[in-house]
Enquirer: 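I'd like to ask some things about the structure below.
Heavy-atom basis, side chains included; hydrogens, waters and symmetry copies ignored. Because the structure is a prediction, the values reported are computed rather than measured. Letters A, B, ... mirror the listed sequences (proteins, then strands); counts begin at 1.
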Amino acid sequence: MWRPRPAQKPRSRAKTAAPHWSWLTASLRTSAPKVGRTAHGVGRTVGLMAAYERFAPLPDSAAVRPAALEEQLVAQWREERVFEALQAARKDAPRFVFWEGPPTANGKPGIHHVFARTIKDAVCRFRTMEGKYVVRKAGWDTHGLPVELGVEKELGISGKPQIEAYGVAQFNARCRESVWRYKQDWEQLSERIGYWLDYADPYVTYDDAYVESVWNLLARFHKAGMAYRGKRVLPYCGRCGTGLSSHELGQPGVYRDVLDPSVHVRFQVVGGAHGESLLAWTTTPWTLPSNIALAVHPDQPYVLARVALPVAKGAEKGSAGSEVVWIAQARAQAVLGEHEVLDVKPGKALAGLRYQPLFSADVPFVEPGAWTPDPQGLHAVYTAEYVTMEDGTGIVHQAAAYGVDDWEVARKHRLPIKQAVGAEGRLVCAVGGVAQGTFFKEADEGLTEDLKRRGLLFRKAKDPHSYPHCWRCDTPLFYYAVPAWYLRTSAMKERMIELNKQVRWIPPEIGSGRFGEWLENNIDWNISRDRYWGTPLPFWVCDGCGAEEAIGSRAELEAKAGGLSSTFDFHKPSIDEPHWPCAQCGHTMRRTKSVLDCWFDSGAMPYAQWHWPFGAGRAQAEAQFPADFIAEGLDQTRGWFYTLHAIGTFVQSLPDANFPQGPVYKTCVVNGLILDKDGVKMSKRLGNIVDPWAAVGEHGADAVRWYLLSSGATHLPKRFDPAGILEVRRKFFGTLINSWKFFADYARLGQGFDPARSSPVAARPEIDRWLVSRTQSTIVDVRAKLADYDLAGACRALEQFVVDEISNWYIRRNRTRFWKGEWTADRDACFHTLHAALEAVALLMAPLAPFMAESIWLRLTPNTGSVHAQLLPQAQPALIDRALEDSMQLVVRLVEMGRALRERAKRGIRQPLRAVHVRASDESALALLRTGFASEQILAELNIKAFGSLATDDGGVCRLKAKANFRVLGKKVGGLMKAVAAAIDTLAPESVAQLRAGHTLSLQVEGQRVELAPEDVDIKVETSGDLDVETDGRLVVWIDAQLDEELLAEGWAREVVSRINALRKDAGLEVEDRIALYVQASGERLAAAMSKHAELLRSETMATQLVLGSPAPSTFAQATHDLGAEGSVTLALQKT
RNA sequence: CGGGCAGUAGCCUAGGUGGUUUUGGCAGUCGGCUUAUAUCCGACCUAUCGCGGGUUCAACUCCCGCCUGCCCAACCA
């Protein structure tokens, strides 16, 4: 078995050319099988992986056009089959289970897919680098309406009748083909962004094996009594004989303004004291024969009103008498006009009131399926939250067969369903004098007339309103309860809620909020779709007695049907052929025509991707269950996340399935939408779609990945701004590339740096031990953040380490150590230190920015193979020195203050100054500053000769000032807070000093005594007087900016050194080149300064000869520099 | 009718058991460092923290209502 390699120790390197797998096996120390060596023809050529030279420079394109470098690595990884080999090597390691959510390949991948894939890749790479085996099986979602619509469009046909005419077999063949349209795009983009996935062996939801697994699941649902036939209310076209999807309803021109009847109807209350009726309003009188109930809002007030009956023209008002009606208070004025209120009650008080049905006709009932109807509930008042007061009467007529909300009310109260209008949109029985067979729209008038005749019509009008029409044939649509198959998920609601609590949602609010709420309101899952291209439902129903059989495998079907044709496949129309006699009644068992909701397909992937429970698939699925980690976009909450959860919850209850109890996925990372840079949703119409290829081509995949991961919170909508990617490139990658360049250039110099030479950490200078410590701390930090799925945090920690600590502090502070003088132990030490830091960076960033990490790794430690096959370093706690890290933080803070002071004193950093003074309020800071290390760093960095003073702050320089600590004091003094704060504001510095020394203080505030403890106040220092000080509240710093001849001379010398080195560079000299140097100063004082600091000029510029005061030969590179009032200096140099 | 999330400077962004002048960045201006043409540092610039109420000594933070945007679910008398 492999085991972690010891971190931070030089790896042994094979001096001889390594066999081409050694790069993988060496680092893993595993008995890796010889995967691919023969079968895949790997290694016919020696991989480029082995061809890198140690400390080789990165190509210039790395910064300018990162795509070039990345594309080369993509090719190398592919050619050397790095991913496959890695997977093979990890085969026996403990698993980290990841499930890939299947995309549809009939659309192009967008930038949001890059985001989700980056998250998935980063986590999988990280776990792999922890030594786990992460199966990364690709998958394709291939069924569904969008596929069908695409093909319809392509064929120039539309609607089910036309599909039937075209031929279902051919139609489905086209669908099967069309889902691969963008397969290449997906695979290539995934590879390009470094998303490692096994595309050789993907799961495909239309595959026979996949479908068979899905069947098996459905048959188990059925067997458990969890699948049933019911009704589903959806917009329906009577002429096309089909329901419309919400998508189709969204087509332009579907909703059209039409003039419809608008009728108010009286429902006569049974046993009402005033002979009162309930007043309801509808724009669809044809639904009235199917009325089953009335709905009122539970909390709105309703009035019992007396209103005059309408009179004939010319007759006196009220002469026809009056009537009494119930109506919502909010609607009474608008509907009734003048009226007298007899009673007011909230809606819920009306619940249970019974009324006379409007029509006596025998309207047929239909079986709702989901519940057993209770006839007692018919023709009564119920409450429903959805009732509004915006129009109508606040009393809503309920025809459950023709309205979704109505259906819900009926379901809740187990009401029977009446259905007067059938599937063709025609009356199925004569009612109210209207003939059977009348088209529903044409029944309105007759029905209204009938009601009027019988005195049940209160008012009739025509109202223009928006009504949906079939987008194909223009027929008015109606909502209609169509037969549908359901899964009884509501029966598993409690279990699903319980299991959901064990899922680690990132962010957590998705789990408790959006997903949790959804589960709380769980209703049965409608799984049938009356379409063609989908997994056919494996349910056979007897056309005689209605007996049902669910088929769970191909073999079972074959047995039932007595053989299958040779061209049989698991799709329509072939699947609709097998039939057999019903065991109960002898009639024929025929398959339900519907296909499956394709969300079930994707939710079944944990099982179906392995062909569970058939053959070897059973064990494979069990080994990959449950998922440790999944990640998709927020839009999957009610999609994939739900279907996985629902199916998984059911599957766990199966006695013969060996799936552990618990959540189906343990961690679910949810990413938000990606918007354009102005926060507008990307859409083709607006043309603001970001082409992932363009972004990756311009900035490189690493920069895009890093940008997506590190900017903002993962789950929030993210604005995709190319300027942000550019910034990532410049700041992080640019700095890293430069750090590498710095290291590599000097490491190759002269005899060169050899990591194999030992350099005990304890013997290195403090600044080295500081970086070593920071390296170890960063390992701890980044590993913890990655393990915690805090990818953004990991990015930020690495950014800080690379940019602030490695580049702008360690390298900058130690620049000269890397090139000056001979190779000494000290020089070795700084190389070792930087080497280890870069090594850690390469490893830690590998999951996040796989290309840059690889590029550096292969040059840093050649012959150890891909960075992605390494194990992450283990931090060595012994090398972490907290005190040293704290001390350095203090140094940095002081340096920053010092620089600010220099700035204000107009003293450039090259001008040495005499002294810096520090007052510290706390002793620990003072102690840290007194260490030689800290003061040495500060003085060197600030170019100041000495500490003028370094002492406890006694308030002598700055005024001590106390401010109330509201948080603490507020609890103590409450209402006196304001006065106490004011009193503290005016405290004398001596009193503040008392407090700081730890003494308490007694105050008189508004006649009350208040004891002040040190923790009740924040003590700050206020600058005062003419001394320019800098303070952060704890430290007070000022500098002595006075110059004398000596300091000036050194300042000029340093200025000149800088100019000489700039000239060296301009002249194209290499850093290791030695020079002959001429320096000629224009004035007396300058010349004196130059000769005084001749040694400085020589050593800092690698000059072997220095001539002062004479003109240089004309072959020398020359430059003259003005040093202000003092004159100018002419420089000349030449390589020796 | 619903469920969820969010509204903080010209722009983006952080903040939480309420505590006074809240964070970081971008853009802009000026200056500094660098034998690493990447960065970095300093100064300036800048918010009645969506609106209205309430609770409190104290509200960006908690409560109520509203407005706006987005996502999901819907599309109904």
Enquirer: With both distances kept under 3.5 Å, what pairs with rG19(B), Watson-Crick or G-U wobble?
Expert: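 Partner of rG19(B): rC57(B).
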
Enquirer: Please tell me which of the listed nucleotides, rU37(B), rC57(B), rU39(B), lies nearest to the side chain of Met977(A)?
Expert: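 Per side-chain heavy atoms of Met977(A), the pick is rC57(B).
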
Enquirer: Who pairs with His645(A) by ring pair (Phe, Tyr, Trp, His ring centres under 6.0 Å), at least two apart in sequence or on another chain?
Expert: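 Residues passing ring pair (Phe, Tyr, Trp, His ring centres under 6.0 Å) with His645(A): Phe515(A).
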
Enquirer: Mind checking ring pair (Phe, Tyr, Trp, His ring centres under 6.0 Å) for Trp407(A) and listing every partner two or more places apart, or none if nothing turns up?
Expert: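 Testing Trp407(A) for ring pair (Phe, Tyr, Trp, His ring centres under 6.0 Å), a comparison that skips the adjacent residues, returns Trp371(A).
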
Enquirer: Return the value, rounded to whole Å, for the distance between atom CG of Asp702(A) and atom P of rA38(B).
Expert: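 Going from Asp702(A) (CG) to rA38(B) (P), I get 20 Å.
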
Enquirer: On RNA chain B, check which nucleotide each of Ala981(A) and Asn808(A) is closest to and give me the residue with the more 5' one.
Expert: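 Closest to the 5' end, via its nearest nucleotide, is Ala981(A).
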
Enquirer: Return the minimal non-hydrogen interatomic distance between Gln398(A) and Ala295(A), and the atom names on each side.
Expert: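 Answer, listing the atom of Gln398(A) first, then Ala295(A): NE2-CB, 3.5 Å.
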
Enquirer: Given that both distances must come in under 3.5 Å, which nucleotide forms a Watson-Crick or G-U wobble pair with rC44(B)?
Expert: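 rG28(B) - that is the nucleotide pairing with rC44(B), both distances being under 3.5 Å.
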
Enquirer: Whom does rA73(B) pair with, Watson-Crick or G-U wobble, provided both distances fall under 3.5 Å?
Expert: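 Looking at the geometry, rA73(B) pairs with no nucleotide.
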
Enquirer: Closer than 4.0 angstrom, basic N to acidic O: yes or no for Glu408(A) and Lys412(A)?
Expert: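 No, this pair does not count.
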
Enquirer: How does protein contact run along nucleotides 23-33 of chain B, one letter per nucleotide 5' to 3', with B for base contact, S for sugar-phosphate only, - for none, heavy atoms under 4.0 Å?
Expert: --SS----B-S

Enquirer: Output, in order, the C-alpha distance, side-chain angles, deciding distance and verdict of ring pair (Phe, Tyr, Trp, His ring centres under 6.0 Å) for Trp599(A) and Tyr642(A).
Expert: CA-CA 9 Å; Trp599(A) 283 112; Tyr642(A) 172 66; 10.0 Å; no

Enquirer: P atom, rC67(B) versus rC57(B): distance in rounded Å?
Expert: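 Their P atoms lie roughly 32 Å apart.
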
Enquirer: Take the protein atom CD1 of Ile737(A) and the nucleotide atom C1' of rU37(B), then report the distance between them rounded to whole Å.
Expert: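 Going from CD1 in Ile737(A) over to C1' in rU37(B) covers 13 Å.
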
Enquirer: Would you call the rings of Phe267(A) and His397(A) parallel, tilted or perpendicular if under 30° counts as parallel and over 60° as perpendicular?
Expert: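 Plane angle under 30°, so parallel.
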
Enquirer: Which one is paired to rG7(B), where only Watson-Crick or G-U wobble pairs with both distances under 3.5 angstrom count?
Expert: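 WC or wobble partner is rC67(B).
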
Enquirer: Between the base of rA36(B) and the side chain of Ser807(A), is there a donor and acceptor pair under 3.5 angstrom?
Expert: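 Under the 3.5 Å cut-off, the side chain and the base do form a donor-acceptor pair.
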
Enquirer: With a 4.0 Å cut-off, would you call Glu799(A) and Lys731(A) a salt bridge?
Expert: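 Salt bridge absent between Glu799(A) and Lys731(A).
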
Enquirer: For the side chain of Glu896(A), counting heavy atoms from C-beta on, which of rC40(B), rA36(B), rC41(B) is nearest?
Expert: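 Output: rC41(B).
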
